[in-house]
Amino acid sequence: MATYSLANERLRALEDIEREIGAILQNAGTVILELSKEKTNERLLDRQAAAFTASVQHVEAELSAQIRYLTQVGVSGGFCERTPALGQSLRLG
């Protein structure tokens with residue numbers, strides 16, 4: 001039962017990352033639209049650029065955490081015992 005809740009938690013985290021990537025794309029679209037105007041709203045651009053940067057950093061951190069988890073599970077979960085060369089390279093890297 002605990003395995004299912006952990007798996008569901010991981011899936012929810014990935015769904016959150018997916019939503020954040022959508023927000024990143026919306027921020028980028030807003031900036032591009034604003035830059036296409038003859039007179040741009042500098043405050044809007046600054047806010048959108050800050051939101052874009054913060055979102056990208058958050059997504060990067062969350063994806064890195066997911067990759068670390070999957071690497072640990074792969075190394076300790078029997079997968080690497082069946083593929084020794086991969087297990088060795090993951091443990092060394």
Side-chain angles (χ1 to χ4, degrees):
M1 189 67 143
T3 304
Y4 290 121
S5 65
L6 180 60
N8 285 337
E9 182 180 322
R10 291 287 170 187
L11 286 174
R12 271 188 243 111
L14 289 172
E15 289 170 352
D16 291 344
I17 292 169
E18 184 179 16
R19 277 191 290 278
E20 187 122 18
I21 290 171
I24 288 169
L25 294 174
Q26 285 181 331
N27 286 337
T30 301
V31 168
I32 291 169
L33 182 64
E34 189 62 29
L35 287 172
S36 70
K37 295 179 180 176
E38 195 168 310
K39 185 175 180 180
T40 60
N41 182 340
E42 293 295 324
R43 288 176 39 188
L44 175 65
L45 287 174
D46 288 341
R47 281 196 314 268
Q48 292 297 321
F52 177 85
T53 302
S55 292
V56 167
Q57 289 172 345
H58 183 255
V59 165
E60 181 180 14
E62 290 298 315
L63 285 175
S64 293
Q66 292 289 330
I67 291 168
R68 275 192 307 278
Y69 170 76
L70 291 173
T71 301
Q72 291 170 353
V73 169
V75 170
S76 65
F79 174 74
C80 293
E81 283 79 28
R82 293 188 301 273
T83 54
L86 176 61
Q88 181 65 24
S89 68
L90 289 174
R91 282 189 281 281
L92 292 176

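In what follows, residues are counted from 1 in the order of the sequence shown.
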Connected via hydrophobic side-chain network under 4.5 Å: Leu6 and Leu14: no
Using residues 50-65 as the side-chain source, report each donor-acceptor pair under 3.5 Å to any protein atom, sequence neighbours left out, with the distance given to one decimal.
from, atom 1, to, atom 2, distance (Å)
Thr53, OG1, Ala49, O, 3.0
Ser55, OG, Glu20, OE2, 3.2
Ser55, OG, Ala51, O, 3.0
His58, ND1, Glu20, OE1, 2.9
Ser64, OG, Glu60, O, 2.9

Partners meeting side chain to side chain donor-acceptor pair (under 3.5 Å) with Asn41 (sequence neighbours left out): none
Test side chain to side chain donor-acceptor pair (under 3.5 Å) applied to Arg43 - qualifying residues, sequence neighbours left out: none
Results of side-chain contact (heavy atoms from CB on, under 4.5 Å) for Glu15 - residues two or more places apart only: Arg12, Arg19
From CD1 (Ile21) to CG (Asp16), nearest 0.5 Å: 11.0 Å
For Glu18, all residues meeting side chain to side chain donor-acceptor pair (under 3.5 Å), sequence neighbours excluded: none
Members sharing Leu35's hydrophobic cluster (side chains within less than 4.5 Å): Val31, Leu45
Lys39: side chain to side chain donor-acceptor pair (under 3.5 Å) partners, not counting sequence neighbours: none
Pairs where residues 26-36 contributes a residue and the test side-chain hydrogen bond (donor to acceptor under 3.5 Å, both in side chains) is met, not counting sequence neighbours: Glu34-Lys37
